[in-house]
Amino acid sequence: MRTRINPLTTVRNLGILAHVDAGKTTVTERILFATGTTHRRGEVHDGTTVTDFDPQERDRGITIFAAAISCAWDGHRINLIDTPGHVDFADEVERSLRVLDGAVAVFDAVAGVEPQSESVWRQADRYGVPRIAFVNKMDRAGADLDTAVASIRERLHPAPLVVQLPIGAEDGFRGVVDLVRMRALTWADGDDMVVREIPQALAGEAARRRRLLEEAVAELHPGALEEFCARSALDDRTLGEALRDLTRSGDGVVVLCGSAYRNRGVEPLLDALVAYLPSPLDVPAVRGTGEGDGQERPADPAAPFAGLVFKVNATPTGRLTYLRVYSGTIEKGDTVWDSGVRRTERIGRILRVQADRHAQLERAVAGDIVAVVGLKAARAGSTLCAPDATLVLEPPSVAEPVVSVAVEAVRSTDTDRLTQALARLAEEDPSLVVRTDPETGQTVLSGMGELHLEVALEKVRRDQGLDVNAGRPRVAHRETVGRGVSGFVFRHVKQDGGAGQFAHVVLDVESCDGDTGFEFRSAVVGGRVPQEYVRAVEAGCRDALAEGPLAGHPVTGLRVTLTDGATHVKDSSDTAFRTAGRLGLRDALRACAMVLLEPVAEVTVTVPDAAVGGVLGDLAARRGRVTGSAARGGSVVVTATVPLAELFGYATRLRSRTQGRGTFTARPTGYAPAPSGVTAV
C-alpha cells in the first residue's frame, strides 16, 4: 500500500536575513529567477527588483519593507520573506521572524559578520528560528570563506558546518565542491549549473574538508557519532540526515557559499533550504492562551482555525492584512474572531502574495502565508481564530521608539489630513508612535531611527500629497523655587459699586523635596480665615502654578503655607480669596529665587567593550551623569541620567561610534535643574 505524503511536508516558510548591502535582495531575486518565478534577473542598482518595489526602496537602493513572495523548487512550495537589513527597520524583521519556520542568513564574504548581522541573528535566536548561512560575494576582491566562517563562529557562537569548498577565488570564482555528495558544481558564463567530478587539484583538499565536516557532525549528533565510531566515516545519507537534525535543533548551522550577483551557488542553496530547514510539521505546535484545553493548535488543515497577523498595509485599492495560518482552513467569506479587539471580522478575499502582485485563492490552509482583504480592525500582532475555538497567540515584541521629530502640515487646512495619515502610518508600523504633547501642543512622531522617520514622512508626502515640515521637538521645561520667601503679604481689594471683594492672605513659599509637585497647608489660628476660604486660597494657588515668572513654564516642587489672613464681614467670598491666592502666589514667586528645570531620562546603553570610552565621552558631552556600568558577555551596560533635550540624534551618533552594534533605551525619570546656559524655550 502506497504511503500518502502530507502536503505540508513540502512547504517551507523562510526569511532572508542580513546586514544592509550583504546581497540579501539579490539572493532573493536569483531564487525567483532560478525557480522560474521571474524570467529576468532583477537588479538592485537598476531598480528592477521584484521585492524592493516601493519607490523609496528603489531610490535608496535598500530594503525598507518586508516583502513576501512564493515560489516552487523540486516539488516544494517556498514562502519567502525578504526582510530589511538596516537597523532602523529591525521591527519589520521582528514581526517577520515571529511567523517564520526557518531563515537564510546572508553574509558578505569580505566583511564577514557585520553589526546588523549580529542583531538579526539574535532576533532569530529569541524566536528559536533554525537557519542556514550563505556566504555571498565570493567573487569580490578579498573574499575568503574561511575568514567569514571564523567570524561567524567567534561573533555569533554557533557550530558552523561548512558543506562546500569554493572552486576558484575572487574574480576567478566559478563554482563549489559539494562536500556532502562529493561532486563539483560549476557555472560558466551562462546560467546553467554543470555537475562534474571534483578537479584533481582539489581532490585532496576536498577529502580533508569532508573529513573535518564528518568529525564536526559526529561530535554534535549521537546517531552520526555511532556510525563514525563503527566505520570511521559517515555515508552521504547519514551525513545529510544529521545535518538536517542539527539545523532544525539549532545545534549546528550549515554554511554554503556563492555569488548571487553572478548567479553562482543559488541552486545548491535552494537544495539546502529544502533539505535542511523545517516544514510546518517539523516545528512544535503553536501554543496560546484560550478557553478550556484547546490552547495548542497543530499544523492541521482540519483543526480549528488559528492565525497571526504580522503586517498591515494600506494600499490604494484597500487594506491588506498579512497572515500566517498556523492551523485550520479559511475560505473566502468566512467569519473569524479577532481576539485582540474581541470582535468578528469577515474574510473578503484571500491572496497569494508576490511582492506587489497578488493572485486570488479560494482558501488558505495551515502552513500558508497569505494576505486577506476585508478586515477592518486587525493590527500587527492580532490573533485571528475560529469564533467557536478562541485563542490568543503571543504577538511579536515591539521595540520602544528612540528618536522623535515634531511634525506639522505646511498648510493649516491640511492638519486633519495629516492626523489621519499619521494614524494610518502607526497602524501599518507599530514601531511608529504618534502623540500630541499636551504642554507644547506639537504633534510628535517617534520611531526607531532618523532614517525610519524620514521614510515615514516621505511616504506621507508621496501617498497623500501633503507638504509636511519636521523639526526638533520642544522639551517641556518646569520652574521651581530655589530660595523661598516668608510672610509674604497680599491684599486683594476691589470696590466698583455693589458688593466688593476683600481678601487678605499671608503666605510662606518654600521648595518641596520628594515627588510631590505641590503642597498646600494652613497654619492659621483663631479662625482668622474660615475653612471654606482656606480651600479657595489653595485653589487659587493651584491656578498660579500654570505659569512661572521665568518663562511661563508650569511651576512644580514647592510648598505654600497660609500663615495668616483677614476677612471683611460683607466683601469676603470664595471668589475673593481664590483671586488672592492666585495673584498672591504669582507675586510671591517673583520675589523668590526661581530655578529652571529640564526633563531628564535614565538611559541604558549596551555597547561592545572596545567602544566604551567613546560612548562615555559622548554622554559627558551631552551633560549626562553616569550612574553605573556592568560587564555582560563581551558587552558593557552603562546607565546614565541625560537631559531629554540632549538625546535628539543620539541613536545615529551611538550607531556611528559603535559600528551599529550599540543600543540604548531611554525612560523619562523627572526633572533636574538646568545649567544657566540652557534657554527656556
Side-chain angles (χ1 to χ4, degrees), residues 3-17 24-42 48-53 66-83 96 99-104 106 129-132 134 178 185 187 190-193 195 240 244 247-248 254 256 258 260 263-283 299 301 322-326 329-330 350-372:
T3 303
R4 187 176 179 181
I5 299 175
N6 191 323
L8 280 179
T9 61
T10 63
V11 175
R12 299 290 183 272
N13 292 314
L14 310 174
I16 307 290
L17 312 174
K24 167 176 39 60
T25 298
T26 303
V27 169
T28 307
E29 293 295 324
R30 296 305 183 265
I31 286 176
L32 293 178
F33 182 74
T35 56
T37 307
T38 58
H39 301 290
R40 69 186 183 96
R41 290 175 289 188
T48 57
T49 57
V50 172
T51 53
D52 285 354
F53 56 85
I69 54 170
S70 291
C71 56
W73 180 258
D74 193 25
H76 292 70
R77 179 161 55 80
I78 302 171
N79 297 319
L80 201 62
I81 297 181
D82 179 24
T83 63
S96 300
V99 300
L100 294 174
D101 299 327
V104 178
V106 180
V129 176
R131 67 221 86 138
I132 61 178
F134 182 70
D178 178 358
L185 310 174
W187 291 262
D191 297 324
D192 294 334
M193 181 180 74
V195 181
R244 182 183 66 242
T247 298
R248 295 178 182 182
V254 170
L256 302 96
N263 210 42
R264 296 177 180 177
V266 178
E267 294 93 334
L269 174 62
L270 282 163
D271 290 337
L273 61 87
V274 163
Y276 304 135
L277 291 174
S279 73
L281 292 175
D282 297 319
V283 297
Y322 291 76
L323 177 70
R324 163 69 191 267
V325 182
Y326 281 103
T329 302
I330 51 169
I350 304 173
L351 306 174
R352 175 83 65 209
V353 182
Q354 294 291 93
D356 59 340
R357 298 182 178 88
H358 314 101
Q360 295 216 32
L361 299 173
E362 290 300 315
R363 66 179 57 83
V365 301
D368 273 337
I369 292 180
V370 295
V372 296

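Of the listed residues (Leu17, Leu100, Asn13), just one forms a side-chain contact (heavy atoms from CB on, under 4.5 Å) with Ile81, and that residue is Leu100. In summary, of the residues considered (Leu14, Asp101, Val11), a side-chain contact (heavy atoms from CB on, under 4.5 Å) with Asn79 occurs for Val11 alone.
Residues Leu351 and Leu361 form no side-chain contact, since every pair of their non-hydrogen atoms from C-beta on lies 4.5 Å or further apart. Between Asp282 and Thr9 there is no side-chain heavy-atom pair separated by less than 4.5 Å. Between Met193 and Pro268, some side-chain heavy-atom pair lies under the 4.5 Å cut-off.
For the atom pair OG1 (Thr35) and CH2 (Trp73), the distance works out to 8.0 Å, reported to the nearest 0.5 Å. The OG1 atom of Thr28 lies 15.5 Å from the CZ atom of Phe33; values are rounded to the nearest 0.5 Å. Annotation: the span from Ile31 atom CD1 to Thr37 atom OG1 amounts to 10.0 Å, rounded to 0.5 Å.
The backbone N or O of Val274 lies less than 3.5 Å from a partner atom in the side chain of Arg12, making a donor-acceptor pair. Counting only distance, with no hydrogens or angles, the side chain of Lys24 and the backbone of Thr83 share a donor-acceptor pair below 3.5 Å.
With hydrogens and angles left out, the side-chain atoms of Glu267 and Trp187 include a donor and acceptor closer than 3.5 Å.
Residues satisfying the side chain to side chain donor-acceptor pair (under 3.5 Å) test with Thr329, not counting sequence neighbours, are none. Residues satisfying the side chain to side chain donor-acceptor pair (under 3.5 Å) test with Asp74, not counting sequence neighbours, are none.
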Stepwise side-chain contact (heavy atoms from CB on, under 4.5 Å) check, Asp82 with Ile69 | CA-CA 8 Å; Asp82 179 24; Ile69 54 170; over 6 Å; no
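Contact between Ile330 and Ile350 at its shortest, heavy atoms only, is O-CD1, 3.6 Å.
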Exercise answer: donor-acceptor pairs, residues 362-369 side-chain atoms, under 3.5 Å, sequence neighbours excluded:
unit_1	atom_1	unit_2	atom_2	d
Arg363	NE	Glu331	OE2	3.4
Asp368	OD1	Arg77	NH1	3.2
Asp368	OD1	Arg77	NH2	2.8
Asp368	OD2	Val365	N	2.9

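Under a cutoff of 6.0 Å and an axis angle of 45°, Arg324 and Tyr322 do not form a cation-pi pair.
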